[in-house]
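Since the structure comes first, as structure tokens, the remarks are kept for the end.
Bear in mind the structure is a predicted one, so any value in this text is a computation, not a measurement. Keep in mind that the numbers below use all heavy atoms, side chains included, and drop hydrogens, waters and symmetry copies. Chain A is the first sequence line, chain B the second, and so forth, proteins listed ahead of strands; every chain is numbered from 1.
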Number of protein chains: 2
Amino acid sequence: MAEGRFSWREARAEILRRIRTGIWPPGSQIPYEEALAEEFGCGRGLVNRALQELAAEGVVERRRKGGTRVTDHPVRRPKLEIPILRQEVEARGGVYGHLLLARVLEPAPLEIRGRLKLSAAAELLHLRTLHLADGAPYAHERRWISPAGAPGVLEADFTKISANEWLLRHAPYDFGEMSIGAETADPEAAAILGASPGAPLLSVERTTWRKGEGEEPAPITFARQLHPPGHRLKAEL
Amino acid sequence: MAEGRFSWREARAEILRRIRTGIWPPGSQIPYEEALAEEFGCGRGLVNRALQELAAEGVVERRRKGGTRVTDHPVRRPKLEIPILRQEVEARGGVYGHLLLARVLEPAPLEIRGRLKLSAAAELLHLRTLHLADGAPYAHERRWISPAGAPGVLEADFTKISANEWLLRHAPYDFGEMSIGAETADPEAAAILGASPGAPLLSVERTTWRKGEGEEPAPITFARQLHPPGHRLKAEL
DNA sequence: GAAATTAATATGTCCGCACATATTCACCGC
DNA sequence: GCGGTGAATATGTGCGGACATATTAATTTC
């Protein structure tokens, strides 16, 4: 051992190493911040910072009085690289474009009400959009937007700006979830995407909410994007 | 304004709010740490911490001398919730199990050499595993492991411990990448997973490397997991 | 013995200061 | 002009101390 002056990054790396090599196995408790600080030859603040980062990543769990222990499955959670379509396209050097295929105000279908956790039936703005990369189909999107969660959405012109980007600017979300799966192309989606019916499509669903002032969260939007065959999402581990 | 004593979380939230509501539009420069600290009524350390987190999330970019500016696409990158199969199954209250279907030592196929960025042809351990949840097929995995990157792998008994968990303990990775897509079930995969041929399967590929001491990174493993129809990955936004 | 109170303790947060480091910008000599 | 040099400056990192907060353990009280 005999370390000399760890930086907080080095401290984090060393702690992670000890966890991954089994020196501190899953479920075990690890030394207190002060003890580690002394061993690493640095202040408690640095160890605290290192441990807090690892806790945020899900590698360790911390509780006041009771110390820090290794998670049952100490693995860092992968981060998806590009969550926004336009960015995704432009990162590949393509030209992004979008076509508004349909726009209707309609009562929320039962499935969508469930996704948005809407208690009462309400009118939602339903959009169908085709996203393009260099003019070629990139994703077919069906989106439902709650006018209550996104004030002004009924006046927006989604032929000019994509719903995604409009919402980003005018109805920022506080939290949300994303779900990824594989689906079969129905005839309509296949035609729009230029795929053969029955082809496997990557399906990406996003739901977002806004956490009001003290009230309970208000749903903003639910969107399902279908990508043509061959499309892959990337994440770093 | 007239704020009173921000915590660093509040500072981060306030900065994020200003970015998302367009007060600080994409590409623009935001005030210096000291100015913000004064406005928020807290020390520079807290503002620094808030901004560093936002920088890590990709919302802002920071450079010494030259300040902090909002990213072109200030969006937080989603984090996948459950990256490990056993954890995934057990989180749903299921019982995890696995079956080793095949184990051969063979020269690296060309495609796999590409994934692992292997320059020369080398013998890799090729495994085929069926992962089970409550006895039902949960994922079909094909994995290639480099004995050079994972010493001792040839002696491991993968009927007892899954390759995933063995690698986690004995050949920890430093970095890696993950790729998600949709594929059609070939007859073999369909039979193993109990799906009909041609059904859409979610495909999850992982590649990991270890960054040696000064040398260049050594590939550890490449794995492709195919999930039965209906399976979805979840992430939080 | 059970319940309530109190003490002990590990982490969470914060400040003020100091110095390191990278980058930019103005200045200078030619 | 032009290239090089050095000062200015914003962020990066770190210390040591202080107090807050949550949780556990010990102690007292009924």
In whole angstrom, give the distance that lies between atom [atom1] of [X] and atom [atom2] of [N].
X     : N      : atom1 : atom2 : value
A/R5  : C/dA20 : CZ    : C1'   : 15 Å
B/L46 : C/dG12 : CG    : P     : 15 Å
B/W8  : C/dC15 : CH2   : P     : 14 Å
A/E61 : C/dG12 : CD    : C1'   : 17 Å
B/R69 : C/dT24 : CZ    : P     : 11 Å
B/N48 : C/dC17 : CG    : P     : 17 Å
A/E34 : C/dT9  : CD    : P     : 11 Å

Looking at every strand, decide which applies to [X] at a 4.0 Å heavy-atom threshold: base, sugar-phosphate, or nothing.
X     : value
A/Q52 : sugar-phosphate
A/G45 : nothing
A/R49 : nothing

Under 4.0 Å between a Lys/Arg side-chain N and an Asp/Glu carboxylate O for B/E61 and B/R69?
no
Should the heavy atoms of other residues, nucleotides or ligands under 6.0 Å from CD of A/E236 be counted, would the total exceed 12?
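Yes.
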Are more than 12 heavy atoms from other residues, nucleotides or ligands located less than 6.0 Å from atom CD of B/E38?
no
Both A/R64 and B/R44 contact DNA chain D. Taking the nearest nucleotide for each, which residue is further toward the 5' end?
B/R44
If you pin A/G43 and B/G66 to their nearest nucleotides in DNA chain D, which one's is more 5'?
B/G66
Students should find this one: the first and last nucleotides of DNA chain D, 5' to 3', lying under 4.0 Å from a heavy atom of chain A. What are they?
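Nucleotide range in contact with chain A: D/dT13 to D/dT24.
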Will you find, in the side chains of A/Q225 and A/H231, an N or O donor that is under 3.5 Å from an N or O acceptor?
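Per modelled atom types, A/Q225 and A/H231 side chains form no pair under 3.5 Å.
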For DNA chain C, whose closest nucleotide is more 5', that of A/K65 or that of A/R62?
A/K65
What is the ring orientation for A/F40 with A/F6, classed by angle as parallel under 30°, tilted 30 to 60°, or perpendicular over 60°?
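Taking A/F6 first and then A/F40, their aromatic rings lie parallel (interplane angle under 30°).
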Angle class for the B/W209/B/F175 ring planes (parallel below 30°, perpendicular above 60°, tilted otherwise)?
parallel
Looking only at heavy atoms, the pair that brings B/Y96 and B/S162 closest together is OH-CB, 3.9 Å
